[in-house]
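First the structure, in the form of structure tokens, and then the observations on it.
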Amino acid sequence: MTSIDDTPAGPALSSLRRARDRFLGGRPPGDGVPEDLAQAWRRARFFGVPRDLTAPPRVRPPVDPPLLAAARPALDRVAPTLSGGMGLVLVDSRCRALWSGGGRYAGTSADVAGLDLSEKAVGHNSAALALRTGRRAEVHGPEHFLDLWQEVSAVSVPLYEPAAGRPAGAVTVVAPLAEDRTAHPGAAIAEATAHAVETELLGRARPPERLLLDAYLRQRADGAAVVALDGSSRLVSPEAARLLSHETLTRLERRATALVRDADTGQEGARAGAPEAIAAPEEFAAPEEFAAPEEFAVPDGAGLTVRMSRLTHGGEVIGAVATVCPAARRARAAERHDHDRLPGLVGTSRPWRLAVSGAMELARSAEPLLLIGEAGVGKTALARALLTLRGAAAPRVVDAAEQVPGEVPRWCHALAEREGGGPPLLLRHAERLGQSDVAALLSLLERRPAVPLVATHTPGAPTGPCLSRLLDILSARSVALPPLRERVDDIPALLAAFTGHPSPGRPPLTWSLDARRALEQHTWPGNVAELAHVVREVAERRRATGPVRREELPYGLRVPPATRRLSGMERAERTAILEALRRHGDNKARAAESLGIGRATLYRKLRAYGMDQA
């Protein structure tokens, strides 16, 4: 719960009514209207909210929501004490009404469960504003977009669950509008109710959540800059918020998510360098033995590192606590990783380092090696680097996708004739090998299992029995490379590598935090190759100076990931829309025409898929 001072005095309600009438009549609202309120009205008009709604629309309400179960005792105590027509409403994090009580202003229906009070459904209101800002919010009479609420004044206070970094819902007190526009009479009631609900949520919190909160408070008591994370929420001390950027906090959250995921699959305990466990209180779990904590440099400022320690409960990893400390061992850590680097490769993320180190270990002996991964992950670049590491002669490169007949059989024949001589073979796209190529390789491997061969394979295409047998033989010495979406920590380094030296007369290409965040949120179906293409495209067409902004990225990168699970048909439609917008330079009219739909239909689909904010 976050309290603020009483809402400062704003424009008189009479002037706001005139401004709202002007706005709804298609004219500018005037200079006396606060910009955030004018923007809220514009959003409602963009969302297509009808001003004359008789009741908020309904959506499917959640079944037995835990928030309502925790809040019900406090709400039942407070509602009977309300007077003057005041009412009480509880909404969840999606602004769906869960409960109402009190006077006639509590809602427009006896059954409010499932009423959609989000901005997209009903326009500007205090509950949606409180959830968006994370602070107490008041909205009075004509500030509302709907005619329905012109005589209503509302105050909302967000509710935070233990260890949650975002509101889980909000408590709203509604009352008849007071013409003098004073502070809402129910503000203190809303604050007290929210505090009671949060206390109940804390009491009902699962032991792992309590454990994470207790660990955070213990570290804070020592004066440390600390962040506690469980992969879905985070607690950040003021000291840590001052030292760490939003970008670094997001990276810490991804590390914590990977930590919990790896532990769930049984991988973490076997890895060297896994973060140590923080000793748990006796009533929760006994201390366990783990390796040294993970420590890494922070890009936000010189002389800082983050030390991340695992948190366990019942033998399971439930999260992590990260403390910011001086980078005493930064130089030694850099020296330790220097030997893992190969020429032409970029990246220091854990998935990438593990794959590269595994490939290096296998490449120490001159035997066949298979590199597996999605298209564009960097299989060929790693293969060339590994062959350089072996110190062999320049490889013979054959791309099976180009279907050059006889190349592989000729190499196999030459190698069999020389019995140990000849250059190694870098075979790209093994999944596209022809029948004669597969037969030649199988014959050679039967006679000489230790042939100098590095092959790349992109799974997905159907394989016949002979090719399957070849891949089975090669898979005994294989390494899977992670897709870019699993190593987004490497995106800043990849951007720097792809940017290179600018053309004469052009400034060097740099990237704003917002643009980098958009790149890190993208799913990258084309992986590193797609990122390189995006960098080239941006560099060639931009004329502005300064860091690249999010608005300069291709449309498909500005759009955040889908906020809900899409069906196969919806995913295909969303992809088609993105491709049409990319093809037509983000021109929505031309994109709609190429898709065979009207522009209004395109805008509706953009809203439905959460793509309207790009």
Side-chain angles (χ1 to χ4, degrees), residues 244-251 254 296-302 304 330 333-334 337-338 340-353 355-356 373-385 388 481-561 578 581-583 585-586 614:
L244 304 178
S245 68
H246 173 79
E247 180 184 34
T248 297
L249 290 173
T250 301
R251 291 185 178 184
R254 284 198 298 268
F296 45 90
V298 177
D300 299 78
L304 292 178
R330 178 181 295 178
H337 293 304
D338 275 346
D340 289 337
R341 298 182 180 177
L342 289 172
L345 300 184
V346 177
T348 58
S349 65
R350 188 170 189 181
W352 180 249
R353 289 203 322 266
V356 171
E374 297 177 8
V377 295
K379 300 186 292 294
T380 300
L382 177 57
R384 291 183 183 276
T388 301
L481 273 61
L484 184 55
R485 61 182 172 274
E486 294 180 5
R487 47 176 293 219
V488 291
D489 287 353
D490 291 333
I491 286 181
L494 289 167
L495 289 174
F498 294 147
T499 300
H501 298 290
S503 303
R506 289 195 176 187
L509 204 61
T510 58
W511 306 80
S512 68
L513 279 178
D514 197 31
R516 285 168 58 179
R517 196 170 300 126
L519 295 174
E520 291 174 357
Q521 290 175 340
H522 187 51
T523 55
W524 296 111
N527 293 294
V528 178
E530 182 185 358
L531 177 62
H533 174 75
V534 167
V535 172
R536 287 194 301 271
E537 183 180 347
V538 171
E540 289 171 0
R541 73 181 184 183
R542 87 181 306 248
R543 297 294 180 265
T545 58
V548 176
R549 302 183 305 277
R550 186 188 192 107
E551 294 76 20
E552 297 179 77
L553 299 175
Y555 190 90
L557 292 171
R558 302 201 305 267
V559 175
L578 288 175
L581 288 166
R582 185 195 65 77
R583 216 169 39 243
D586 301 346

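Residue indices begin at 1 and follow the sequence shown. Computation of the quantities below employed the complete heavy-atom set of this structure, encompassing side-chain atoms and omitting hydrogens, waters and symmetry-equivalent molecules.
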Partner residues of Asp514 under the salt bridge (charged side-chain N to carboxylate O under 4.0 Å, His left out) criterion, sequence neighbours left out: Arg517, Arg550
Approximate separation, where rounding is to 0.5 Å, of Leu249 CG and Arg254 CZ: 11.0 Å
Gly373 backbone acceptor or donor facing Lys379 side chain under 3.5 Å: yes
Rounded distance [0.5 Å steps], OG in Ser512 versus CD in Glu552: 8.0 Å
Listed partners of Glu530 passing salt bridge (charged side-chain N to carboxylate O under 4.0 Å, His left out), at least two apart: none
Sole candidate of Leu494, Val377, Asn527 that passes side chain to side chain contact (heavy atoms under 4.5 Å, CB included) when paired with Arg487: Leu494
Glu486 backbone acceptor or donor facing Trp524 side chain under 3.5 Å: no
Heavy-atom check, side chain of Thr348 versus side chain of Asp490, under 4.5 Å: yes
From Glu520, His522, Glu374, residue fulfilling side-chain hydrogen bond (donor to acceptor under 3.5 Å, both in side chains) relative to Arg485: Glu374
Distance-minimising heavy-atom pair for Pro482 and Ala355: CD-CB, 3.8 Å
Side-chain touch Arg516/Ile491, heavy atoms, less than 4.5 angstrom: no
Check: Trp352 and Leu345 side chains under 4.5 Å, non-hydrogen atoms: yes
Leu509 vs Leu495 side-chain heavy atoms within contact, under 4.5 Å: no
Heavy-atom closest contact (Ala515 atom, Val548 atom, distance): CB-O, 3.3 Å
Residue pair Phe498, Val528: steps toward the side-chain contact (heavy atoms from CB on, under 4.5 Å) verdict: CA-CA 10 Å; Phe498 294 147; Val528 178; 3.4 Å; yes
Chi angles and distances behind the salt bridge (charged side-chain N to carboxylate O under 4.0 Å, His left out) call for Glu537, Arg541: CA-CA 6 Å; Glu537 183 180 347; Arg541 73 181 184 183; 3.3 Å; yes
